[in-house]
Structures are given as structure tokens and as C-alpha cells.
Amino acid sequence: MSESKVWDDVDEYFISHLAPDDDALQAALRDSAAAELPQVNVTAAQGKFLQLLAQVQGARTILEIGTLAGYSTIWMARALPSDGRLISLEYDPRHAEVAVRNIARAGLDRVVEVRVGAALDTLPQLADDNPPPFDLVFIDADKANNPHYLEWALRLTSTGSLIVVDNVVRGGRVADAGSTADDIRGTRAAIEMIGSHPRLSGTAIQTVGSKGYDGFALARVLA
Ligand code: SAH
Ligand code: DHB
Ligand code: MG
């Protein structure tokens with residue numbers, strides 16, 4: 001439920017026709033709530049949007065930073081071919097445990113790997129593994145580190161890859177240049193980096209819906 005009934009009603013209408021939950025997605029949210037994880041997963045409409053982006057990309061490899069209960073993970077991993085790979089990084093072992101169960105129930109455990117630890121600790125290890133470039137990166141963890149995650153995303157992608165950053169509007173707080181809040185400073189730094197980086201072309205889109213007023217940034221890796 002958001003602050004606006006009409007935003008909730010419209011999301012419910014769109015989701016019922018365009019992004020209906022199935023058993024695995026419903027069970028993922030149920031178990032996430034039962035384990036008292038924060039209920040800040042993407043909506044079904046947003047999950048379907050991520051899935052469509054992965055399909056448009058023809059993604060074979062996806063990196064997610066911030067797994068939570070694996071809800072966005074399941075939406076995106078369903079876009080992958082059976083020999084595709086999604087690596088998701090999660091700091092909290094309790095979240096990762098719920099996510100691993102949810103992902104297995106969705107039949108995606110052969111495609112998805114959850115790596116536990118602070119992403120800035122596990123990303124160097126991931127780079128050392130020399131993975132093929134990721135076709136899609138979804139950044140959705142601690143917002144203060146968004147510019148660092150964007151730097152890592154640039155290292156781990158190649159020409160044509162797409163980077164998506166969640167929660168870049170935060171009820172409009174992103175427009176506050178004087179904000180001292182870590183999340184806003186981190187998100188502003190990421191937006192400004194997308195705007196000025198020679199290897200990135202991007203934009204950001206404001207959204208409303210059952211999660212309130214927020215938005216995504218999208219950036220294509222140029223070279
Ligand atoms: N992508 C999920 C929501 C992620 S919520 C979905 O839409 O379904 C943000 C997650 O990032 C939380 O689970 C939180 O524990 C995790 N997180 C916070 N700090 C982190 C860090 N330093 N490294 C990795 N994950 C982190
Ligand atoms: C928060 C995190 C998210 O990933 C999100 O989509 C919404 C809120 C949060 O930590 O407040
Ligand atoms: Mg988010």
C-alpha cells in the first residue's frame with residue numbers, strides 16, 4: 001500500500017493483466033514476510049519490467065547487487081536461457097537463506113548463485129573469477145554505495161550491457177542537492193556519474209505505484 005489509493009488501484013489492475021504472480025513468486029513473498037524480512041522488493045510490474053529488459057538485452061548473464069528474498073532475482077532469472085547465469089550478492093545471511101529457498105522452489109537453482117557478504121568485499125572475488133561480461137546489472141542494495149557499485153558494474157560489463165539502478169527518486173529526495181543523507185548522496189553521485197561518464201549513456205524515469213513515488217536509472221555501456 002502506498003500513500004495514494006489510485007496508485008495502488010492502477011498497479012493492481014496492471015499487475016492482474018500483465019504481471020500476474022504465480023505460485024513460486026507468491027510463496028517467495030509469503031516466506032519473506034514470515035521471516036520478517038523488509039518488504040522492499042520490487043513490485044510484480046517492476047519485476048516484469050526487469051524481465052523484459054533482460055529479454056530485450058538477450059541476456060545470458062545477469063549480476064544483481066541486493067538479493068533480499070530473491071523476488072527480483074526470480075523475475076530476471078526467468079529471462080535467461082537454461083545455460084544462463086545470474087549471480088546475486090547479498091550482505092545479510094538471513095536474507096540469503098530465504099532467497100536460496102525461494103529460488104530453488106522456483107526451479108532456478110541451477111541458474112542462480114547467491115553470494116553472501118558485503119558486495120564491496122565479494123565483488124573483487126567475483127572479478128578475480130574472470131566471469132564473462134554481464135549483459136545486465138541490477139543495482140539494488142545499500143544506496144550509499146551506488147557510485148562504487150556503478151564502478152564495479154563498468155568493470156564487469158562490456159559494450160551493449162545495461163545497468164539498472166533502483167530507487168533513485170526516493171519520494172523526490174534525490175533533487176535535494178544539500179541532502180546529507182548517505183542514500184541520497186550516493187544516488188546523486190551515481191546519477192551524475194552516468195551523466196558524465198564517457199562509457200555510459202543513461203536516463204532516469206520517475207515511477208509511482210504500490211511502492212509509492214520512486215524511480216529507476218538506466219545506463220547503457222557504450223564501449
Ligand atoms: N532486489 C530485491 C530487493 C533488495 S533490498 C528485490 O527487489 O526483490 C536491498 C538488499 O540489499 C537487502 O537484502 C540488504 O540486506 C542488501 N544489502 C545491504 N547492504 C548490502 C551490501 N553492502 N552488500 C550486499 N547487499 C547489501
Ligand atoms: C529500500 C530498499 C529498496 O531496494 C527499495 O526498493 C525500497 C526501499 C530501503 O532500504 O528503504
Ligand atoms: Mg529496490
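Indexing begins at 1, ligand by ligand and atom by atom, following the structure's order. Quick caveat: nothing in here was measured; it's all calculated off a predicted structure.
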Is a salt bridge present between R60 and D83, judged by a nitrogen-to-oxygen distance below 4.0 Å?
yes
I'd like to check which ligand 2 atoms, numbered from 1 as shown, lie under 4.0 Å from a non-hydrogen atom of K211.
5 (C), 6 (O), 7 (C)
Atom 7 (O) of ligand 1: closest protein heavy atom, distance to 0.1 Å, is V42 N, 2.9 Å
List ligand 1 atoms under 4.0 Å from A119, heavy atoms only on the residue side.
21 (C), 22 (N), 23 (N), 24 (C)
I139 CD1 to L89 CG distance, which is reported to the nearest 0.5 Å:
10.5 Å
Which ligand 2 atoms does D166 reach within 4.0 Å, using its non-hydrogen atoms?
6 (O)
Ligand 1 atoms in contact with V40 (distance to a heavy atom under 4.0 Å)
5 (S)
Where the Mg ion (ligand 3) is the corner point, what angle links OD1 of N167 with OD2 of D140, to 10°?
140°
Check R101 with E97, please: is the shortest side-chain N to carboxylate O separation under 4.0 Å?
yes
Check whether any side-chain heavy atom of N102 sits under 4.5 Å from a side-chain heavy atom of T73, and report yes or no.
no
Suppose we measure from atom 1 (C) of ligand 2 to each protein heavy atom; which comes out shortest, and what is that distance?
R170 NH2, 3.3 Å
Strictly under 2.8 Å, is any N, O or S atom of D214 next to the Mg ion (ligand 3)?
no
Which option, D140, N41, V42, D214, owns the non-hydrogen atom nearest atom 4 (O) of ligand 2?
D140
